[in-house]
Amino acid sequence: MSNHKSYTGIDHFRFIAALLIITIHTSPLVSYSQTSDFILTRIIARVAVPFFIMTSGFFLISRYTRNNDKLKVFIKNTALIYIIAILIYIPVNIYNNYFTQDNIIPKFLKDLIFDGTFYHLWYLPASILGAVIAWYLVKHFDYKKAFIITIILYLIGLLGDSYYGISDKISVLHSFYSLIFQLSDYTRNGIFFTPVFFVLGGFIADNSCKLSFKKSICGFGISFALMFCEAMILHYFNLQKHDSMYIFLPLSMYFLFHIILHFKGKRLIWLRTLSLIIYIIHPMMIILVRLIAKLFHLQNLFIQNSIMHFLLVCVISIIFGIITTIFFNKYKFKNKKYISNTDRAYIEINLKNLEHNVHILQKVMPCKCQLMAVVKANAYGHGAFEISTHLDKIGVKAFAVATIDEGIRLRKYGIRGEILILGYTDIHRASELKKYNLTQTLIDYEYANALNRQGVNIKAHIKIDTGMHRLGISYKDFNAVKNIFTLKNIKINGIYTHLCCSDSLHPDDITFTRDQINKFYHLIDILKNNGIPIPKLHIQSSFGLMNYPSLKCDYVRVGIALYGVLSSPNNDTVLKLNLRPVLSLKSKVVLIRTIQKGDSVGYSRNFIAPQDSKIAIVPIGYADGFPRNLSCRKNMVRINQQLVPIIGHICMDQLMIDITNAKDIVLGDTVTLIDSELCNNLNAPNIADRANSISNELLCRMGTRLPIVSKY
Ligand SMILES: *Cc1c(COP(=O)(O)O)cnc(C)c1O
């Protein structure tokens, strides 16, 4: 859930920004000093529009959105607001003889797309255009490229805006901008101005590594001071055609937005509606103020005095805004999306713990060795989306999955690193391997050959069987391995093997594992001696790393350890890593009932009450992944700090617990079934052990029906 993301700062600053826009359009200081008016309206207040755009970008642009539904909704809503605003201003347009101009059709089209049909409305089409450009750049390239492209657009815009005095003197640029100014009165529009701020907003949202408050303040102080000097110099030399684009504006905005994000608290969504309404109607209020002043002969007070004028426009805009907001909220179609889907049972993912585990594992890996995050089986039941996008954000660049469909799903989530498919893929899906840039494991020589015959260029890793006898070419079959390197359509990026008893510290198992490792390296040596260029090598999974940490490979394929648990409570390891479980499983009490001595509970009447008892019903069952063989007092759950037993048989969708001896249990109390606290009896290895399994199986069976909620 996004509880941790409360963007109160954004909500408040929306209001401030709306007032800054009024400032720009009323010039409060102009009757006192031209310079201070310039500073206030052309420098300070210039942060307002970029802020609005970054906010839209922050909530809209992401590398991790799966389809463009969000973009469509944004376009639809913005277009709707734009149409309404156009209609509102038609009377003013008529009064200004807008519609009786020459060439009204091309002029209207140009205004519709770039300049707005009333001066401040340019912002709405510019938002739509900028959002589309930023969206496609971020989805099709990475942030770096999207930045470079949008910054170039911004610089082109800049030379037609604050720096136009320079370009005007250079004949090529002069003709270029003359052309542009035929299409759009300003370069401050959806093509040159807004895309970079959309990208910036999305970038900040996607990169959870927040700048500290102190750094944000310093960064803003410095960049804003530079922007201030820049603006004053341009102003002094009279170089500005228009004055909304400065070189240091995007940088200042980057830091300012971080400052704003540091203010947390309850969200104030109504401020968003209020600011929007103020933005749209304030020019109308300016006209109204002028009208009233004229009517009552108060021009001296309310027009000549720029501060009074500004204040009056603010006050009536706010009053009008509040009334409309109240009206709007009352009659608005209520958003029916349910607030929380955790009302029955859910998996809770602790992303901080995931990050902690990544850092702990990376610390013990040899340098130059990369962590390959194994996210097969819906990331061991933790949610492939939640886990892989977070790993991507913190810089993990290699992933492993079991099937091609899991790989494709990762690509759709926006994962860009290497994705290795550990299992078999039907050769007829070769073109999908290429389309989604997936790396296929070659499970034997015939398979490699058949895949090669598909005529599609494919990246692959060769799997070597060194004793597990599952997938792979035998370590003895040097010729087969060598021949694979000659296959035209297959690019070999790696060779790997899998250890089958690296989790055991029994001397026989250690001997067997060492033998597996030696066989693998022996094969590699022969390849080397035959002049075959050696690609990336990898051997270890979680236990391989923890028990054989001295191997120097290019990757470690970490699965279970990433999720912070060992497979079983009996596992002992050479490296004792301070891992933290990522998953907890929670449900709640939905019914409490008393039963009499001798009453039975559940299917097969397995539980017979030995005394008058109190039981609670918990809506989670084996269809949610909680094993049925933990029935009948074999396992406890935690409720209100107390451990109580599961009684009777666990059903498909619910289970019963005996709370006779527990204190203060009420309806709705949270029931914890798997705990992310390590040192207790409810951690995954212990529970799996009681269910005669390992935590790998227990965890990966979760997450088909249960919602996944991540917290940070
Ligand atoms: C699942 C898998 C892994 C990850 O194993 P863990 O023990 O969970 O770390 C690594 N390599 C291969 C080939 C696998 O199938």
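The model shown is predicted, which means the values in this text are computed figures rather than measured ones. First listed ligand is number 1; within each ligand, the first listed atom is number 1. Basis for what follows: all heavy atoms, side chains included, without hydrogens, waters or symmetry-related copies. Residues: numbered from 1 along the sequence shown.
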Worksheet item: Does ligand 1 have an atom under 4.0 Å from some heavy atom of R470?
Response: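 Yes, R470 has a heavy atom closer than 4.0 Å to ligand 1.
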Worksheet item: For ligand 1, is there an N or O atom under 3.5 Å from any N or O atom of G559?
Response: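 Yes, since at least one N or O of G559 sits under 3.5 Å from an N or O of ligand 1.
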Practice prompt. Give yes or no for whether the N/O distance cutoff of 3.5 Å, strictly under, is met between Y496 and ligand 1.
Written response: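 No, since none of the N or O atoms of Y496 sits under 3.5 Å from an N or O of ligand 1.
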Worksheet entry | Beyond-backbone contact of R580 with N357, side-chain heavy atoms, under 4.5 angstrom |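 The answer is yes, as the side chains (C-beta and beyond) meet within the 4.5 Å cut-off.
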Where is the nearest protein heavy atom to [atom]: which residue, which atom, and how far?
atom                    : answer
atom 4 (C) of ligand 1  : Y380 OH, 3.4 Å
atom 12 (C) of ligand 1 : H498 CE1, 3.4 Å
atom 3 (C) of ligand 1  : K376 NZ, 3.7 Å
atom 9 (O) of ligand 1  : S542 OG, 2.4 Å
atom 11 (N) of ligand 1 : R557 NE, 2.8 Å

Establish, yes or no, whether a centroid distance under 6.0 Å links the rings of [X] and [Y].
X    : Y    : answer
Y424 : Y447 : yes
F385 : Y64  : no
Y7   : F58  : yes

Worksheet item: Considering only heavy atoms, does I560 approach ligand 1 within less than 4.0 Å through its side chain, its backbone, both, or neither?
Response: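 The answer is both, backbone and side chain.
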Practice prompt. Indicate the atoms forming the closest heavy-atom contact of K552 with P366, along with that distance.
Written response: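 Closest pair (atom of K552, atom of P366, distance): CA-CG, 4.1 Å.
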Worksheet entry | Polar contact flag, side-chain donor to acceptor under 3.5 angstrom, T497-Y475 |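 Looking only at side-chain atoms, Y475 and T497 do not form any donor-acceptor pair under 3.5 Å.
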Item to complete: Run through Q370, H461, K536, K459 and flag the one making a side-chain hydrogen bond (donor to acceptor under 3.5 Å, both in side chains) with E418.
Response: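 Per the side-chain hydrogen bond (donor to acceptor under 3.5 Å, both in side chains) rule, the option paired with E418 is H461, out of Q370, H461, K536, K459.
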